[in-house]
Amino acid sequence: MKQEKEKIEFRYYELPKDLPILALLGEEWELPYGTDLVHFHNHLEIGYCYYGEGVMCYGEMRTAYDKGTLTVIPKNYPHRTDGGQKDIQKWEYLFIDAEELLRSAYPQKQMWVRDILRRINSGCLILKEQESQELTLQVRLILEQMREKKEFYRERVRLSVLSLLLDIAQLH
């Protein structure tokens, strides 16, 4: 019997030129998860689950998620969110060009930047809120800054995301 190959989808996100961070926010991300293909992105993906539950599939691994779960998925890393298509769930996402942010912030430390990027891209993190309250708070604050767009938000988001990237590297 011939085995059918699984289809994998590439999802390309173009980031703003003035800030290498894109936030996917709002009602558009309230939906039943689980109908999408395994996919990968051209940037680091950080997701926050406001409500819902299911299983995050990445590589051969499957990890349960629910309200308050934070996901950190390296660029070019195949994954999918399987909510069982049961109920509406709400996620919001940040897509980050980690390389651009780190290289522009630390132009004299390129070897160090390579090490940080290697750590960030070494695998997925699926974290429950109680496991990583500080990281979750950082992500939620960045999402709110991106939503509200108050004065100096670009600068604040840039600095907040740099701090977040260092914390993620430290977890690896």
Side-chain angles (χ1 to χ4, degrees), residues 11-26 28-29 33 39-52 56 58-59 61 63-81 89-172:
R11 295 186 183 167
Y12 177 82
Y13 288 100
E14 190 168 332
L15 306 185
K17 294 203 184 313
D18 61 342
L19 184 65
I21 301 160
L22 175 68
L24 303 182
L25 308 168
E28 185 177 344
W29 305 102
Y33 284 80
H39 62 278
F40 61 97
H41 307 279
N42 57 320
H43 297 293
L44 174 69
E45 174 192 308
I46 297 176
Y48 178 75
C49 180
Y50 288 90
Y51 56 83
M56 184 63 70
Y58 50 102
M61 303 290 293
T63 302
Y65 70 83
D66 57 11
K67 175 185 176 182
T69 297
L70 185 69
T71 60
V72 180
I73 302 172
K75 71 178 187 175
N76 300 322
Y77 202 100
H79 64 283
R80 74 184 282 274
T81 306
Q89 301 182 32
K90 181 176 182 182
W91 285 81
E92 289 187 328
Y93 302 95
L94 294 169
F95 286 91
I96 301 165
D97 186 340
E99 184 172 356
E100 169 63 27
L101 268 176
L102 288 164
R103 287 192 191 286
S104 64
Y106 302 101
Q108 304 302 319
K109 296 181 156 190
Q110 294 307 302
M111 295 281 286
W112 180 82
V113 166
R114 271 197 295 273
D115 181 54
I116 297 299
L117 289 169
R118 181 189 53 75
R119 289 181 185 199
I120 289 169
N121 291 314
S122 67
C124 290
L125 295 172
I126 313 296
L127 304 166
K128 302 288 185 177
E129 191 165 16
Q130 58 273 21
E131 295 173 314
S132 186
Q133 291 179 344
E134 188 176 317
L135 210 61
T136 300
L137 179 60
Q138 279 181 284
V139 169
R140 293 201 56 191
L141 287 171
I142 293 166
L143 289 167
E144 285 309 308
Q145 289 171 350
M146 294 294 283
R147 184 183 336 277
E148 294 173 0
K149 296 186 173 169
K150 292 182 179 176
E151 185 177 25
F152 308 121
Y153 88 92
R154 284 181 186 85
E155 293 78 11
R156 294 184 69 203
V157 165
R158 183 180 296 274
L159 292 171
S160 297
V161 170
L162 281 168
S163 176
L164 178 64
L165 291 174
L166 296 177
D167 287 344
I168 291 167
Q170 202 170 43
L171 287 174
H172 283 290

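Position 1 is the first residue of the sequence, and the numbers go up from there. Because the structure is predicted, anything quoted here is derived from the model rather than measured.
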Go through the steps to decide whether Q110 and R103 satisfy the test side-chain contact (heavy atoms from CB on, under 4.5 Å), and finish with yes or no. CA-CA 7 Å; Q110 294 307 302; R103 287 192 191 286; 2.4 Å; yes
Kindly give the heavy-atom pair with the smallest separation between I73 and L44, and that separation in Å. O-CD1, 3.4 Å
With side-chain contact (heavy atoms from CB on, under 4.5 Å) as the test, pick out the partner of Y50 among R140, Q89, K67. R140
Determine whether more than 12 heavy atoms belonging to other residues, nucleotides or ligands lie under 6.0 Å from atom CZ of R156. no
Quick one about T63 and Y58 (side-chain donor to acceptor, distance below 3.5 Å, no hydrogens or angles considered), yes or no? yes
Can you list the residues that meet the side-chain hydrogen bond (donor to acceptor under 3.5 Å, both in side chains) rule with Y51, with sequence neighbours excluded? E30
Could you state the interatomic distance from CG (D97) to OG (S104), rounded to the nearest 0.5 Å? 9.0 Å
Counting only heavy atoms not in Q130 (residues, nucleotides, ligands), do more than 12 fall under 6.0 Å from its CD? yes
Quick one: closest heavy-atom pair of R158 and P20, and the distance? NH2-CD, 3.7 Å
Between atom CG of L135 and atom CD1 of I168, what is the distance when rounded to the nearest 0.5 Å? 5.5 Å
If you round to the nearest 0.5 Å, how far is CG of L171 from CZ of R119? 10.5 Å
Closest contact, heavy atoms only, F95 versus E45: CE2-CB, 3.6 Å
Short question: side chain of H79, backbone of H39 - any donor-acceptor pair under 3.5 Å? yes
Expected output: side-chain T71 to main-chain G47 donor-acceptor under 3.5 Å: yes
Rounded to the nearest 0.5 Å, the CD1 atom of I116 sits from the CG atom of L165 at a distance of 9.0 Å
How many angstroms lie between atom CG of L70 and atom CG of L137, to the nearest 0.5 angstrom? 11.0 Å
Between E148 and Y153, do the side chains contain an N or O donor and an N or O acceptor separated by less than 3.5 Å? no
Which heavy atom of R147 sits nearest a heavy atom of G26, and at what distance? NH1-N, 4.1 Å
Which residue pairs pass the ring pair (Phe, Tyr, Trp, His ring centres under 6.0 Å) test when at least one of the two sits in residues 99-128, sequence neighbours left out? Y106-W112
Between atom CG of L94 and atom CG of L25, what is the distance when rounded to the nearest 0.5 Å? 7.5 Å
Please verify the inter-ring angle class for Y93 with W29; under 30° counts as parallel, over 60° as perpendicular, anything in between as tilted. perpendicular
Verify the neighbour count for atom CD of E14: are there more than 12 heavy atoms of other residues, nucleotides or ligands below 6.0 Å? no
Looking only at heavy atoms, which two atoms of G123 and Y77 are closest? And how far apart? CA-CE1, 4.2 Å
Sub-4.5 Å side-chain heavy-atom contact between T136 and L127: no
So which atom in S163 and which in Q138 form the shortest heavy-atom distance, rounded to 0.1 Å? OG-NE2, 3.3 Å
Out of the candidates I21, L162, L143, L164, only one should pair with V157 under the side-chain contact (heavy atoms from CB on, under 4.5 Å) rule; please name it. I21
